[in-house]
Amino acid sequence: PAPDELGESARSAYLARQASCIKQILTRIGAHDRAQAEALLKSFQEAKVSTSTSATPGNVHSELLAQIALELAATNPEQALQLGLHSLAGTHISPDFGRLLFALSLVNKSLGDRLFRGALMSLRRNDFVYDTALISLVNYLFSSNGSAHPDATVADAQLLANYFVDAAW
């Protein structure tokens with residue numbers, strides 16, 4: 001069946017398998033021909049751009065890009081960031097966004113911060129619709145007792161606070 005026809009958990013498992021296979025293919029091609037692997041990865045990104053400009057953005061494609069980014073976060077964080085940012089172009093944020101955000105920040109905090117800001121821009125662009133990614137964004141900056149994490153920036157906390165004020169307004 002097509003991924004859109006699957007239930008939530010089945011679709012998530014399907015996309016995870018697909019992303020894992022794509023990562024394996026890219027890794028194996030990259031071992032022999034890095035330029036070819038980068039060209040293939042770029043074609044995934046371009047396919048996302050073309051589907052996001054169509055009348056119905058491909059949420060399944062966004063989820064796939066987020067899954068691939070998650071697979072690449074530890075080994076190629078720059079590329080994972082680019083894929084993660086491309087995955088934010090749809091009408092919703094992938095359920096795997098939080099895992100990607102934290103995985104990327106463990107490898108490179110500044111890349112995680114860029115993805116954090118990209119998610120806030122995506123939520124604004126989608127008219128402040130509630131998305132479970134908000135929970136990940138809050139947890140990225142604050143601990144469960146409400147205090148800011150030591151590596152959280154005041155600027156990012158202000159961006160998040162401004163988002164909530166604008167959404168309530």
Side-chain angles (χ1 to χ4, degrees), residues 2-20 22 44-45 47-73 77 79-149 151-169:
D4 286 332
E5 297 171 3
L6 298 173
E8 184 74 27
S9 63
R11 183 175 68 214
S12 180
Y14 174 84
L15 291 172
R17 283 192 312 271
Q18 192 174 19
S20 180
I22 290 170
F44 281 116
Q45 291 173 340
K48 172 57 187 156
V49 170
S50 68
T51 58
S52 67
T53 58
S54 68
T56 57
N59 287 335
V60 170
H61 196 73
S62 290
E63 290 179 25
L64 179 60
L65 286 176
Q67 279 284 336
I68 295 169
L70 185 58
E71 291 281 331
L72 294 173
Q79 192 65 53
L81 172 65
Q82 292 307 314
L83 290 171
L85 291 172
H86 282 294
S87 77
L88 296 172
T91 57
H92 86 291
I93 295 178
S94 169
D96 290 315
F97 168 78
R99 291 177 48 213
L100 173 60
L101 178 64
F102 286 98
L104 200 55
S105 73
L106 286 174
V107 175
N108 186 323
K109 178 72 168 116
S110 67
L111 296 180
D113 290 347
R114 287 173 53 194
L115 186 63
F116 171 88
R117 291 182 211 105
L120 280 175
M121 287 190 303
S122 176
L123 290 168
R124 283 182 176 279
R125 186 180 61 252
N126 290 323
D127 296 324
F128 301 96
V129 65
Y130 175 76
D131 196 297
T132 57
L134 284 168
I135 296 167
S136 296
L137 294 174
V138 170
N139 290 337
Y140 185 72
L141 297 179
F142 301 101
S143 65
S144 59
N145 67 6
S147 62
H149 290 296
D151 57 355
T153 66
V154 173
D156 284 341
Q158 287 174 331
L159 279 174
L160 185 61
N162 288 340
Y163 173 83
F164 283 120
V165 169
D166 292 345
W169 207 255

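This chain uses plain numbering: 1 for the first residue, then up along the sequence.
Considering every non-hydrogen atom in both Ala157 and Phe142, the closest pair reads CB-CZ, 4.0 Å. Taking all atoms of both residues into account, the shortest heavy-atom contact from Asn126 to Gly90 is ND2-O, 3.3 Å. Residues Ala80 and Leu104 come closest through the heavy atom pair CB-CD1, 4.1 Å. In plain terms, the two heavy atoms of Ser87 and Gly84 that are nearest each other are OG-O, 2.6 Å. Between Ser62 and Ser94 the shortest heavy-atom distance is O-CB, 4.5 Å.
Within the structure, the salt bridge (charged side-chain N to carboxylate O under 4.0 Å, His left out) test picks out no pair touching residues 137-148 (sequence neighbours left out). Residue pairs satisfying the salt bridge (charged side-chain N to carboxylate O under 4.0 Å, His left out) criterion with at least one member in residues 83-92, sequence neighbours excluded, are absent.
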Acceptor/donor pairs from residues 111-120 side chains to any protein atom, 3.5 angstrom cut, sequence neighbours excluded:
residue: Asp113; atom: OD1; partner: Lys109; partner atom: NZ; Å: 2.8
residue: Asp113; atom: OD1; partner: Tyr140; partner atom: OH; Å: 2.7
residue: Arg117; atom: NE; partner: Asp156; partner atom: OD1; Å: 2.9

Which atom pairs, donor and acceptor, lie under 3.5 Å between side-chain atoms of residues 127-139 and protein residues at least two apart or in another chain?
residue: Asp131; atom: OD1; partner: Ala133; partner atom: N; Å: 2.9
residue: Asp131; atom: OD2; partner: Ile93; partner atom: N; Å: 3.2
residue: Asn139; atom: ND2; partner: Ile135; partner atom: O; Å: 3.3

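From Asp96, atom CG reaches atom CD1 of Ile68 across 12.0 Å, with rounding to the nearest 0.5 Å. Atom CG of Asp151 and atom CG of Leu141 lie 9.0 Å apart (nearest 0.5 Å). We find the CE-CG distance between Met121 and Leu159 to be 9.5 Å, quoted to the nearest 0.5 Å. Note that CG of Leu123 and CZ of Phe164 are 9.0 Å apart. Values are rounded to the nearest 0.5 Å. Remark: Gln79 CD to Glu71 CD distance equals 14.0 Å, nearest 0.5 Å. Separating the NE2 atom in His86 from the CG atom in Leu65 is a distance of 8.0 Å, to the nearest 0.5 Å.
Residues satisfying the side chain to side chain donor-acceptor pair (under 3.5 Å) test with Ser105, not counting sequence neighbours, are none. For the salt bridge (Lys or Arg N to Asp or Glu O under 4.0 Å) test, residues two or more places apart in sequence or in another chain that qualify with Asp166 are Arg124.
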